[in-house]
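Notes to accompany the following structure.
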Amino acid sequence: MKTRIRTLLANGASGRECMVAGWVRSVRASREVAFVTLNDGSDMAGLQVVADQGLANFDSVCRLGTGAALRVHGTLVASPAAGQQWELHATIVEIIGEADDAYPLQKKRHTFEYLRTIAHLRPRTNTLGAVFRLRSRLAQAVHRFFAERDFLYAHTPIITASDCEGAGELFRVTTLDAVAPPLAAGQPDFEQDFFGQKTGLTVSGQLEGELLALAFSDIYTFGPTFRAENSNTPRHAAEFWMIEPEMAFADLADDAELAEEFIRYLCRFALEECADDMAFFDKQIEKGLLERIRQVAEADFVRMDYGDAIERLQRSGTAFSYPVEWGLDLQTEHERYLSEQVVGGPVFILNYPKEIKAFYMRQNSDGRTVAAMDLLVPKVGEIIGGSQREERLDRLTTRMAEMGISQEPLWWYLDSRRWGSCPHAGFGLGFERLVMYLTGMDNIRDVIPFPRTPRHAEF
RNA sequence: UCCCCAGUAGCUCAGUCGGUAGAGCAGGUGGCUGUUAACCACCUUGUCCGUGGUUCGAGUCCGCGCUGGGGAGCCA
């Protein structure tokens, strides 16, 4: 029976007979003894396998290449040398899958750019292994957080016909012939398409999430999201995962409170339950990472009105590249200044001018702002965007008319304001941005196993 | 999409003033009784991103293209 290396090391007992299986990271051979570092993905360190001339295939073991797959039977013993607590004295080494000298991963540091070209193999490296382990644990922690608060996990559609969420360009979903589609008035006739109308991949589950919140009170979505934007930055991907909670009978203050608890919970989770991998990130990826995350985990998040934020920026005397003026959106440089220089920690900016925000955000009584919030954190800037939603039908339709948004395709959304409408609020968090924030990784392409970005859909 | 930078051995990089390609690692062979990205000795490896131009001569200078990276915009 195979034992996972992480489990084996956690329950180490001298003299224990066991069998492990994994991939060779390194072979150090001399005439009479060879050391094989074996990794099965369960942890960072792997297991040192000691092979000696007593093995039937000792010569073959000495010639093993990095990357080969092995099954090893042996005895776990306390290691006499520094570097590891335990080691496995092999009695049988089965070579399951060879790896010759063309194997692209070497026993050395590679650039992330190079590793992206071998995305099919990079999960076997220390860094990407740690990132994808953390990603998995973190996804489970997200579900745990909401389950502890009795939120319903909602699956919103991936194929959608609502073209007007205002959250970016849609990927078109169609089965029409791309070369010669049926035409109506010179345009492709989507009435003859699979769904009988224009459809695309979802850019947000929020609108459907609101409908579910108006039945289950508290819900969240956590699923893939698609944006056909030609964004070429380290923070954007065409396919990413988004977390979107929505709470009925809740206002903007409740929304911010949930976001604060959520971020703090995930920071603590990473520090406490992923300590080995986090220590690796702190040492190898970003010096001071643990301290940064610890501060966020313990901080009280500041709340600041958009108007105050503008004043603070104007009074700062700092020369920004982009103008600072009431009515203009905050740029990345402003967001980072507020979080890093003004506050020195996470800060919510609340109540933005209605002109720069989406139609569904609740209009404040001042007539010029909406109940929107962004959570800004050091190093990244905006990590969460949310709002209280406009629950008053007349205000909502008036605003849609002002912004030129057609009501007809959103009849179902408007119905939710017709019967049993109530104040509700929610936010959106890009999962990859969260993983980047917690690992210190600088590029979104390195926190998704197989990233999709403009011109890149390989693997 | 806009601005800036880069592309040389399998990987990471150096290459001076334009004069004909070099280092570490990886790989190979041999050595080594406990190594820690093992170590020691020797050896192998090139479409200098592509294309057009300038020049007696281009890795080096110029144009165009492709690819990658950084910044911005859009945003999560």
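Each chain gets a letter, A, B and so on, in the order the sequences are listed, and its residues count up from 1.
B/G70 and B/A9 have their C1' atoms separated by 27 Å, with the value rounded to a whole Å. Using C1' as the reference atom, B/G65 and B/G57 are 26 Å apart when rounded to the nearest Å. Taking the C1' atoms as reference points, B/C56 lies 38 Å from B/G69, given to the whole Å. Between B/U12 and B/G27, the two P atoms lie 16 Å apart (nearest whole Å). Atom C1' of B/U51 sits at a distance of 28 Å from the matching atom of B/U16, rounded to the whole Å.
Between A/Arg455 and A/His236, it is A/Arg455 whose nearest contact on RNA chain B lies nearer the 5' terminus. Comparing A/Lys107 and A/Gly430 by the nucleotide of RNA chain B whose heavy atom lies nearest to each, the residue mapping closer to the 5' end is A/Lys107.
Rounding to whole angstrom units, CD of residue A/Gln84 and C1' of B/U35 are separated by 9 Å. A/Arg116 has its CZ atom 13 Å from the C1' atom of B/U67, to the nearest Å. As a whole-Å value, the separation of A/Leu38 CG from B/U35 P is 21 Å. As rounded to whole Å, 14 Å separates atom C1' of B/C11 from atom OH of A/Tyr103. With rounding to whole Å, A/Arg31 atom CZ is found 7 Å from B/C32 atom C1'. Look at CZ on A/Phe112: it is 17 Å from P on B/C11, rounded to the nearest Å. In this structure, A/His110 places its NE2 atom 12 Å from P of B/C13, rounding to the nearest Å. B/C11 atom C1' lies 17 Å from atom CZ of A/Arg122, rounded to whole Å.
Using a 4.0 Å cut-off, some side-chain N or O of A/Thr332 falls inside it from OP1 or OP2 of B/G73.
Residue contacts shown for A/Tyr322 are limited to sugar-phosphate atoms, with no base heavy atom under 4.0 Å away. Residue-level contact check: A/Leu434 touches neither bases nor backbone, having no heavy atom under 4.0 Å from any strand. Residue contacts shown for A/Thr117 are absent, as no nucleic acid heavy atom lies under 4.0 Å away. Residue A/Ser231 is classed as a base contact, given a heavy-atom separation below 4.0 Å to a base. At a threshold of 4.0 angstrom between heavy atoms, the contacts of A/Ala102 with the nucleic acid are absent. Among the heavy atoms of the strands lying under 4.0 Å from A/Tyr114 are primed sugar atoms or P, OP1, OP2 only; no base atom is included. Contact annotation for A/Glu333: no contact, since no heavy-atom pair falls under 4.0 Å across all strands. Among the atoms of the strands shown, base atoms are found under 4.0 Å from some heavy atom of A/Asn232. Using a 4.0 Å heavy-atom cutoff across all strands shown, A/Ala29 reaches at least one base atom of the nucleic acid. Here A/Asp101 lies in heavy-atom contact (under 4.0 Å) with sugar-phosphate atoms only. Backbone-only contact: A/Glu113 has heavy atoms under 4.0 Å from sugar-phosphate atoms and none from a base.
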Given protein heavy atoms under 4.0 Å, the one-letter contact record of nucleotides 44-50 of chain B, with B base, S sugar-phosphate only and - none, is simply -------
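In this entry B/U29 has B/A41 as its Watson-Crick or G-U wobble partner, both defining distances falling under 3.5 Å. When Watson-Crick and G-U wobble pairs are counted only if both distances are under 3.5 Å, B/A6 pairs with B/U67. For B/A72, the paired base is B/U1 (Watson-Crick or G-U wobble, both distances below 3.5 Å). For B/G18, there is no paired nucleotide, since no Watson-Crick or G-U wobble pair has both relevant distances below 3.5 Å. Of the nucleotides present, none pairs with B/U47 by Watson-Crick or G-U wobble criteria with both distances under 3.5 Å. Summarising the base pairing, B/C61 is matched to B/G53 through a Watson-Crick or G-U wobble pair whose two defining distances lie under 3.5 Å.
Of the candidates B/A26, B/C74, B/U35, B/C74 carries the atom nearest the A/Gln331 side chain, counting heavy atoms from C-beta on. With B/G73, B/G34, B/U35 as the candidates, the nucleotide lying closest to the side chain of A/Arg28 is B/U35. Taking only side-chain atoms of A/Pro234, from C-beta outward, the nucleotide of B/G71, B/G34, B/C75 with the closest atom is B/G71. Counting only heavy atoms from C-beta on, A/Arg227 has its side chain closest to B/C75 among B/G34, B/A26, B/C75. Proximity note for A/Arg235 (side chain, C-beta onward) versus B/A72, B/G69, B/G34: the nearest is B/A72. Comparing B/C74, B/U35, B/U33 by their nearest atom to the side chain of A/Glu32 picks out B/U33. Nearest to the side-chain atoms of A/Ser30 among the listed nucleotides B/G68, B/C74, B/C32 stands B/C32. Among the nucleotides B/G69, B/U12, B/G34, the one closest to the side chain of A/Thr111 is B/U12.
The cationic group of A/Arg149 does not satisfy the cation-pi geometry with A/Phe262, failing either the under 6.0 Å distance to the six-membered ring centre or the 45° limit from the ring axis. Geometrically, A/Arg116 does not engage A/Tyr114 in a cation-pi contact, judged by NZ or CZ lying under 6.0 Å from the ring centre and within 45° of the ring axis. Figure legend: A/Arg16 and A/Trp86 shown without cation-pi pairing, the cationic atom not lying both under 6.0 angstrom from the six-membered ring centre and within 45 degrees of its axis.
The aromatic rings of A/Tyr265 and A/Phe145 lie perpendicular to each other, with more than 60° between the two planes, well past the 30° mark.
By the salt bridge (Lys or Arg N to Asp or Glu O under 4.0 Å) test, A/Glu98 is found to be paired with no residue, residues two or more places apart in sequence or in another chain being considered.
Side-chain atoms of A/Thr453 and A/Arg455 form no donor-acceptor pair, as typed in the model, at a separation below 3.5 Å. Neither side chain, A/Asn443 nor A/Arg235, offers a donor N or O lying under 3.5 Å from an acceptor on the other. Side chain to side chain, A/Tyr413 and A/Glu208 fail the donor-acceptor criterion of an N or O pair below 3.5 Å.
Between A/Phe146 and A/Tyr153, the ring center distance fails the sub-6.0 Å criterion. Checked against the 6.0 Å centroid criterion, the rings of A/Phe240 and A/Phe226 do not qualify as a close aromatic pair. Here the two rings, on A/His120 and A/Phe450, have centers that are 6.0 Å apart or farther.
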